[in-house]
Amino acid sequence: MSRWWVKSAAVALLALVMPASSWAAAPRAALAMTCEPASLDDESTPRAFPKEVRAALDAIVRAELSQGPAAGLSVGVTRGPYRWVCAYGYRDVARRLPATPRTTYRMASVTKSFTAVAVLQLVEQGKLDLDANISTLVPAYPAKQWPVTVRDLLGHLSGVPTYDGYASSRNVKVMSTEAAIAVFADKPLAFEPRTRYLYTTWGYNLLGAAVEAASGKSYRDYLREHVFAPAHMAFADLDIIATRDAHQAKGYRVVGGTLKPSRFLDVSSRFGGGGTRATVTDMLGFGQAVLSHKLVSRETMGRMQASMATTDGRLTDYGMGFATYPVRGHYVVAHAGGQPETTTMLMMLPAEDTVIALASNVEGEARRMRRLSTRLMEQLVDDAVTRREAYVADPVDAVLYEGLSRVASYGLAYHQWATRGPGSLPEESDLPGAFASVSAALSRKEIGRDARAALERIRSGHEPRSRSVFIRVGAHMARTLEKLHGAARLQAYPTEGPLAFFSDYLAACDAQKVPEPERFGEPLRGDVLRLAERWKRTQLPALQRVRLDEEKDPETRWAAVRKSVAASPGFHPDYSDELLRIADGHAWRKQQTARRRWLERAVELQPRGVDARWALSEALLAANPEEAVLPHLREAVVTPQGALALAPKNFLKRLFSVESTAVAAGLLRAGVALHPDAPELWDALAKREKALGRKAASAAALREAKRAREAPKPVVAPASPVSDEPGDSAVPDDHGLVPAAPASEAPGDRAVPDDHGLVPVGK
C-alpha cells in the first residue's frame with residue numbers, strides 16, 4: 001500500500017468533498033468544473049479521497065488541459081472504496097453548457113469490452129461456444145476460406161478485415177444488424193486466423209450479432225439487462241438519436257489549433273465495436289464490476305485479461321475484449337476509443353483495485369488520454385512519484401537496460417496479477433534454464449555482437465516463442481523478494497525502477513542462500529551494480545513528485561537538472577518528454593525563439609534521443625533550414641532503439657502528427673537519405689511534393705520508388721519484427737517505446753502504438 005494511503009486514511013474520515021466553486025480559482029486555468037459528491041458516512045456509497053489527493057488529481061487534470069484546445073473532459077477514478085469524479089470545460093462550447101458527471105459521451109471502442117463481456121456471459125451459460133464457427137451463428141456472414149471462431153474474433157486474430165476506405169468508415173445512415181454486417185460480409189479474410197493480429201471493428205459487429213442469435217434479444221436489450229444494469233451503468237445505452245438527451249456532449253475536432261464541430265457519423269454501422277454512449281460514472285461502474293467479477297466468474301475474467309497469442313507464439317497484448325499488458329510493473333487491463341465526437345479511455349489495475357475513466361468530446365486525443373492516465377496512475381498507485389525512464393546513450397547499455405526493465409516490469413506485473421488478481425503465471429518448467437536464457441540475453445558481450453538483433457530478442461523475451469522466460473524469471477524474483485521483504489516492498493519497485501529490483505534480488509540471493517542456478521553471476525551482477533550507482537548520482541529529490549512541464553516557471557529548475565545530468569552523462573533520468581511538452585505548451589507556442597531553446601535543451605540532455613531530435617527537426621524545417629535536419633536524424637538512429645524507431649514504417653507513423661505538408665516533405669527528404677531503398681518513403685515524398693505543386697520533384701520521387709521496388713533485395717536471416725503496421729506479420733510490441741493496441745475507430749489508426757492511450761511497457 002502506498003505511503004499516502006496509510007497516512008491519509010484517518011484524514012479521509014473527516015474530509016469533505018470540495019464544492020465546485022472552490023475550484024474556480026485554481027491557478028492553472030479558468031475552466032468550468034463540476035464534481036460528484038461522495039459520502040463519508042454511508043459504507044454502501046463511494047467515499048471521498050483525502051483532500052490533498054483530490055487537490056493533486058485536480059492539478060494534474062488542469063495541467064494537462066492547459067496544454068492545448070479543450071472542450072469537455074470528464075474524469076473518474078476509484079481505488080477500493082474511494083471515488084473522485086469531476087468534469088471540466090463544456091459539453092457544448094457554443095452554448096457554454098458545462099460538462100458534468102452526468103454528461104454522456106460516445107464510448108467508441110470501449111464498446112468492445114461491453115460486447116466481449118456479453119459474449120463470455122453467454123459462453124458461461126452454455127449458449128455460445130468459443131470455438132464455434134461464426135458463420136453457423138450469423139448466417140448473414142458466409143463461410144470463408146478458413147473457419148473463423150468466436151475466440152478468434154474476441155482477440156482480433158480472425159483475419160476479418162478492418163475499414164478499407166473512407167466510405168466504409170464514415171457511414172451517415174442508420175443501419176440494422178444485417179445491414180452493418182453486409183458492409184463487409186463478402187470480403188475475404190485478410191489472413192488465416194491466428195497467424196496474425198489485426199484490430200477490426202467489423203469483427204466485433206459479428207460478435208454483436210452472435211449475442212443476438214444466442215440470447216434471442218436485440219444487442220441493445222441484452223447489454224442493458226445483463227451488462228449495464230448489474231454494473232450500475234444508469235445512463236449507458238446505444239448511441240442513437242432516440243437515446244440522446246440534453247446531457248449528450250457535442251463533438252469537436254482540432255483544426256489549426258482551434259475547435260471545429262465534428263463531422264457527423266452514425267455509429268449503428270459499428271454497433272458491436274463502437275456504438276454505445278455512457279458517462280464516466282458508468283465507465284467506473286463497469287470497471288469496478290470487472291474487477292469484482294460481478295459480470296462473469298473470476299476464472300472467466302482471468303482468461304479475458306490474459307493476452308492471446310498467434311500460432312507462432314507472439315503475444316498480441318490483447319485478451320478477449322481488453323488490451324492487457326504490464327506498465328511499469330503494474331498489470332493493466334484497458335481499452336481506449338476514438339471516433340468523431342469523442343476520445344475515451346478505461347484503465348483498470350486488478351492487483352491495485354483501481355479504475356481510471358476518461359472521456360472527452362474532442363476527437364483525436366489519444367496522446368492526451370495516455371499522458372493523463374499515466375499521471376493519474378502515478379498519483380493513485382505510485383505514491384504520487386513521477387516516474388522517469390532512463391536515457392542511455394551507450395548502445396550496449398541501452399539494450400541491457402531495456403532488458404532489465406522488461407524482466408522487472410513483466411515479473412512484477414504478472415506476479416501481482418496472479419496473486420492479487422484473477423490471472424495466472426506461465427507454466428513453470430526448467431527454472432534454471434530460464435535464468436540461463438535471461439543471463440545470456442542480458443550479456444553485454446552478446447549484445448555487443450549485434451545490438452539491434454539483441455534488442456529484438458529482448459523484446460520477445462516475454463512471449464511463448466521465447467518460453468516466456470522474462471515473465472517466469474521476473475515473477476520468481478518478485479516472489480523471492482516478497483517472502484524476504486513483504487508485499488509493501490514490491491509496491492515500491494514501480495517507482496524505484498528495475499535497477500532497485502535487480503539489486504535487491506542480488507542481495508536476497510545471498511541472504512536466502514538461493515541455489516546457484518537461480519542467481520545472476522558475473523558479468524551481469526557487476527553491470528547491474530554499476531548502473532545502479534550511476535542512477536543514484538543523478539536523482540533530484542526536489543523533482544521526485546514534480547514534472548517540469550507542470551511547473552509555473554520551469555526555467556527555475558533548469559540549472560539543477562543540467563547539473564544532475566552532468567553527474568552521469570549518458571545515463572540519467574530522461575527529461576525529454578517534459579522539455580518537449582514545455583516547448584509545445586501554450587506559453588511558448590507563439591514564441592519560436594523560446595520554443596527552440598527548450599527543444600535544443602532536450603537534445604542537449606538526450607543527444608541520441610529520437611523524440612528530441614525529431615521535434616527539433618520539425619522546428620528547424622518550420623524555419624526553413626532544411627540542411628540542418630539530416631544530421632539530427634542520423635544522430636538519432638545510432639542506438640538500436642533509434643534505428644527501430646526511425647525504420648521506414650515507424651518513420652511514416654511519426655508523420656501522422658505533422659500538420660504542415662512542407663515540414664512533412666522536409667522530414668521525408670531526410671528519411672529517404674537515411675533509407676534510400678525504402679519505396680514507401682519515396683511514395684510518401686512524391687505525394688507531399690505533388691501537394692506542394694512540385695511536379696518534377698514528385699515525378700523524381702516516384703521514379704526512385706520504382707527503382708527501390710525493383711532493386712534486388714539482400715538475403716538476410718529473419719529477425720523478430722517489432723512493427724505493428726496493418727498487414728505486417730508482426731503483432732504489436734514496441735514495448736520499449738509505446739505499447740501498441742487498439743485505440744481508435746479511424747481507418748488505419750489501429751496500428752499506431754501511440755494511439756493505445758497508455759504508457760510505455762517494460763520500464
[atom2] on [Y] to [atom1] on [X], rounded to 0.5 Å:
X	Y	atom1	atom2	result
Ser113	Met320	OG	CE	13.5 Å
Thr343	Asn361	OG1	CG	9.0 Å
Asp382	Leu376	CG	CG	12.0 Å
Arg253	Glu341	CZ	CD	11.5 Å

Checklist entry - Of Thr281, Asp245, Thr279, Thr34, which is the lone residue that meets side chain to side chain donor-acceptor pair (under 3.5 Å) with Arg102? => result Asp245
If you draw a 6.0 Å radius around [atom1] in [X], do more than 12 non-hydrogen atoms from other residues or ligands fall strictly inside?
X	atom1	result
Arg244	CZ	yes
Arg95	CZ	no
Gln125	CD	yes

Indicate whether any N or O donor in one side chain lies under 3.5 Å from an N or O acceptor in the other, for [X] and [Y].
X	Y	answer
Glu363	Ser262	yes
Glu36	Trp84	no
Tyr105	Ser74	yes
Glu124	Ser297	yes
Thr115	Lys112	no

Checklist entry - Has Arg83 got its NZ or CZ under 6.0 Å from the middle of the six-membered ring of Phe49, at an angle within 45 degrees of the ring axis? => result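 No.
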Next on the checklist: Applying side chain to side chain donor-acceptor pair (under 3.5 Å) to Tyr88 and Asp58, what does each step give before you reach the verdict?
Outcome noted: CA-CA 10 Å; Tyr88 297 80; Asp58 174 70; 2.7 Å; yes
Checklist entry - side chain to side chain donor-acceptor pair (under 3.5 Å) between Gln305 and Thr324: does it pass, once the steps are laid out? => result CA-CA 6 Å; Gln305 293 178 7; Thr324 177; over 6 Å; no
Checklist entry - Is the shortest side-chain N to carboxylate O distance from Glu64 to Arg371 below 4.0 Å? => result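 Answer for the salt bridge query: yes.
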Item to check | Counterpart residues, ring-ring contact (aromatic ring centres under 6.0 Å, His included), relative to Tyr222 (two or more places apart) | outcome: His226
Checklist entry - Tell me, do Thr104 and Gln248 make a side-chain contact under 4.5 Å, heavy atoms counted? => result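 Side-chain contact under 4.5 Å: yes.
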Checklist entry - Under 6.0 Å between ring centres, would you say that holds for Phe114 and Phe228? => result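 Yes - the distance between ring centres of Phe114 and Phe228 falls below the 6.0 Å cut-off.
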Next on the checklist: Enumerate the side chain to side chain donor-acceptor pair (under 3.5 Å) contacts for residues 351-360, please, sequence neighbours excluded, ordered by first and then second residue.
Outcome noted: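 Those involving residues 351-360 are His330-Glu352.
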